[in-house]
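These notes are about the structure you will find just below.
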Amino acid sequence: MGPSMFDQKTAVENHPALPVPQPQAGEPGFFQRRLRLIVAQALMGLLAAGVLIFGFFYIKYSRMTNARLAGGPFSGMVNVYAAPRPQFQSEPQLLANISGQREQRRLVHFANIPPVLVQAVISAEDKHFFHHNGFDLFRACKAAYVDMKDGRKEQGASTLSMQLARSFWLTPDKHWTRKAAELLITMRLEEKLSKQQIFEYYANQVYLGRRGTFSINGFGEAARAFFNKDLSQITLPEAALLAGLIQRPSYLNPYRHPDRARDRRNVVLALMKENGYLTAATYAGAVNTPVRVEPDQSGSAENHYFVDLVSEELQADLGDNEKAARSIFTTLDPALQKAAEDSVRLGMENVDRLLRAKGRAAVPPGQPQVALVAMDPHTGEIRALVGGPSYDTSQLNHAMALRQPGSAFKPFVYAAALDTAVTGGRQIFTAASVLQDNPTSFLFHGALYQPGNFGQEYMGAVTLRTALAHSLNAATVSLAQQVGYQNIVALAQRAGLNRDIKPTPAVALGAYETTPLEIAGAYTVFANQGTRVSPTAIATVRGADGAVLFQHDPSGEHALDARVAYLTASMMQEVLRSGTGATVRSRGFLLPAAGKTGTSRDGWFAGFTTQLLCVVWVGFDDNRDLKLEGARSALPIWAEFMKRAAEMPAYRDARPFTQPAGIVRISICDESGQVAGPDCPEVHSEVFIGGTAPTVSCELHSDSPLRK
């Protein structure tokens, strides 16, 4: 008897050399088996593709994360410090940081973060932070359940690691691709960093609101902004308030919404108690503590204009090496900066009052603009700078805006005249030389130029000293014509004023535009014995390794004979003694100083002591006529600022200007400019470069027979 069908089938299936019979179309189960095979193959293909896609994007985001973390996530940030003040503190004050965005941040290390803040943050945002691997599955499920139950998205499930991944690398949109990228970056962060490092990065990056036009990033900056404290000094209620701000910084802003901020703070405190960080007594004391924040300074100029200038200088000084900078030590004196801001605020309130009194009610208070530049006249280091009354309102730095300086330019006319004692010429001018101050027309290139004095008042025969002190226009243009317009422009440009100033009669009256910062730099010629030093906001720039990348050179350039500079400064002292700037003294500023008023469509005052040089400008952005002379608009700000500076140890010891060798002093008649005689009614002691002093006794008041 032969084998059964079953035995034959088994033999076929088990024989390796024989093919296994396949189901044929039409046989029972054919299509079901084929479908299962196709589905299995498709699933395997999708799985393989998913693995490949996941691997591709994981590698992509891992590389991106690694690159960002290579030097630390804040490696591109540059810290900007005030000028060191070793007599007051061991480390210079941090002003801001430059990171390519309008952010303010003070970096802190995990070891310096108060434990109470760590507890507050994890209680409010991620209580399992130190125990999960970047994802809190239980919290995510709970959040999804609550959202479905309430029918809206109320619960957040992002861990601190996920929030950090989002804020560092991703946009705030909620597309699924961004969420996927967030998960991949989170995985890499958890692989690369310890929990302490992740928290440190988060603590320095988290967004906590705005101050003016800058965002507040990180708890270090927030502690300074809201409490004026170092982060290490904050209290439990303050830590809870900061942790509470993370949820909705603008909505919970403690300046605008203190009740909301308090309620959210108390929620955080309750969570801390629930998590075992607070006792019932500590919790009760904290929730009953009022919310106290420092007065909001966002409306003031603060240091923002100065920091903007630092950014511009950094590019100019380092060029392509700018990105290597990590620490910038600036020239700013914070105490003097505060004095500048306060003086500007008071002065602009006065300007608004004066404009309203003149019937300018249509001009809203605060619309006139202002600039103040204060610097060391020997090094060019800018000690204080205000670029406008409000950085929030306008980020235009008016200290660098081109305006007509008016009579603030006149010292360069008189210096060029006095320089004839050194360079020679057809006529040698001294401070006692006499000019005619009368209505006069000047012919230039076939056109008439007819300058007029303020109020159309003329003084007749006057000395150079008197003409500058009283800012006489007709006499000044007459002097400029005699000296040569080209010689005046050449001196102005040696002093650092721009190349657009032209040799025309109008140059004598400051008709060509310059900036307050340029005027400040140019005036160093008079304050620094003829040597011009360039204004700078940066003293030193260092790289990540501490190496010096840039250092300001204060040596300057010779622009004017020291004797001529001294004579000019002496004549500018007369401006404050008896001329257009005399109200400086009545306002309480009494240190030895020299200066000059200026009035175009704007108001100016520029002046200096042996320790500090300051320029103030006031005007409208649209070049409307302010209709306030510099003595009434800019001078009060200058006087208030210099008076405050005189109370500070660094600036109160101003001395009389040092007289260089080669200067002689004699008494002369005020009217004739000749050697004073016994009958001269008004005399004064005048200074001259040796060999240029007058030798003829006053003929105007002589009783000699020749005069009769």
Side-chain angles (χ1 to χ4, degrees), residues 377 405 407-435 462-469 471-472 475-499 501-510 512 514 518-519 521-533 556-575 594-596 606 608 613 657-666 668 673 686-694:
S407 296
F409 181 85
K410 284 179 180 175
F412 298 100
V413 178
Y414 287 81
L418 297 173
D419 199 40
T420 57
V422 177
T423 61
R426 289 178 298 177
Q427 183 175 356
I428 304 301
F429 289 94
T430 70
S433 297
V434 175
L435 301 170
V462 293
T463 63
L464 265 67
R465 177 177 290 274
T466 299
L468 180 61
S471 202
L472 303 177
T476 301
V477 177
S478 173
L479 177 64
Q481 185 182 54
Q482 297 176 69
V483 171
Y485 306 126
Q486 186 63 54
N487 292 330
I488 295 166
V489 171
L491 171 58
Q493 291 178 347
R494 289 200 306 273
L497 297 181
N498 64 77
R499 297 285 171 181
I501 297 173
K502 306 299 181 186
T504 70
V507 73
L509 305 184
Y512 294 98
T514 182
E518 278 187 356
I519 288 290
Y523 265 52
T524 62
V525 167
F526 308 128
N528 196 33
Q529 297 187 324
T531 298
R532 168 190 174 265
V533 289
E557 299 177 0
H558 180 75
L560 188 65
D561 186 279
R563 295 167 296 175
V564 176
Y566 177 79
L567 295 184
T568 308
S570 172
M571 291 167 60
M572 293 170 73
Q573 287 181 275
E574 193 68 41
V575 175
K596 185 68 187 77
F608 52 89
L613 187 156
F657 299 108
T658 302
Q659 179 176 303
I663 297 293
V664 297
R665 186 181 296 270
I666 64 171
I668 65 166
E686 189 57 270
V687 286
F688 300 88
I689 293 176
T692 66

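In what follows, residues are counted from 1 in the order of the sequence shown.
- When side chains are defined from C-beta on, K596 counts as touching S407, because their heavy atoms get closer than 4.5 Å.
- Counting only heavy atoms from C-beta outward, the side chains of V525 and T531 never approach each other to under 4.5 Å.
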Pair L509, V477 - check side-chain contact (heavy atoms from CB on, under 4.5 Å), show working. CA-CA 7 Å; L509 305 184; V477 177; 3.8 Å; yes
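- Put simply, the side chain of D419 never gets that close to the backbone of A415: no donor and acceptor are under 3.5 Å apart.
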Test side-chain contact (heavy atoms from CB on, under 4.5 Å) on T420 and Q427; report intermediate values, then the result. CA-CA 7 Å; T420 57; Q427 183 175 356; over 6 Å; no
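- T692 contributes no side-chain N or O that, together with a main-chain N or O of F688, makes up a donor-acceptor pair within less than 3.5 Å.
- Side-chain contact check for Y566 and T658: no donor-acceptor pair (N or O, by modelled atom type) lies under 3.5 Å.
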Please test F429 against Q482 for side-chain contact (heavy atoms from CB on, under 4.5 Å), starting from the C-alpha separation and ending with a verdict. CA-CA 10 Å; F429 289 94; Q482 297 176 69; 3.6 Å; yes
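- No donor-acceptor pair closer than 3.5 Å links the side chain of T466 to the backbone N or O of V462.
- With T524 contributing its side chain and V533 its backbone, the two residues share a donor-acceptor pair below 3.5 Å.
- Here the OG atom belonging to S478 is positioned 11.5 Å from the CG atom belonging to L472, to the nearest 0.5 angstrom.
- Checking side-chain atoms of S471 against main-chain N and O of L468 turns up no donor-acceptor pair under 3.5 Å.
- Side chain of D561 to main chain of R563: a donor-acceptor pair is present (N/O by atom type, distance under 3.5 Å, no hydrogens or angles).
- Centroid-to-centroid, the aromatic rings of F608 and F657 come within less than 6.0 Å.
- Between R465 and E686, at least one side-chain nitrogen of the basic residue sits less than 4.0 Å from a carboxylate oxygen of the acidic one, meeting the salt-bridge criterion.
- Residues Y523 and P411 have side chains in contact (heavy-atom distance under 4.5 Å, counting atoms from C-beta outward).
- When the shell of 6.0 Å around CD of Q659 is examined, it contains more than 12 heavy atoms from other residues, nucleotides or ligands.
- Looking only at side-chain heavy atoms (C-beta outward), L497 and I519 come within less than 4.5 Å of each other.
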Begin from the C-alpha positions of V483 and Y414 and carry the test side-chain contact (heavy atoms from CB on, under 4.5 Å) through to its verdict. CA-CA 9 Å; V483 171; Y414 287 81; over 6 Å; no
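- Using a 4.5 Å heavy-atom cutoff, the side chains of V489 and Y512 are not in contact.
- A donor-acceptor pair under 3.5 Å is formed between the side chain of R494 and the backbone N or O of A559.
- Side-chain contact between V413 and L479: present, with at least one pair of heavy atoms (C-beta onward) separated by less than 4.5 Å.
- G673 and P694 make their closest contact through O-CG, 3.8 Å (heavy atoms, listed as atom of the first residue, atom of the second, distance).
- The side-chain heavy atoms of L464 and M571, taken from C-beta on, include a pair separated by under 4.5 Å.
- The six-membered or imidazole ring of F412 lies near that of F526, with a centre-to-centre distance under 6.0 Å.
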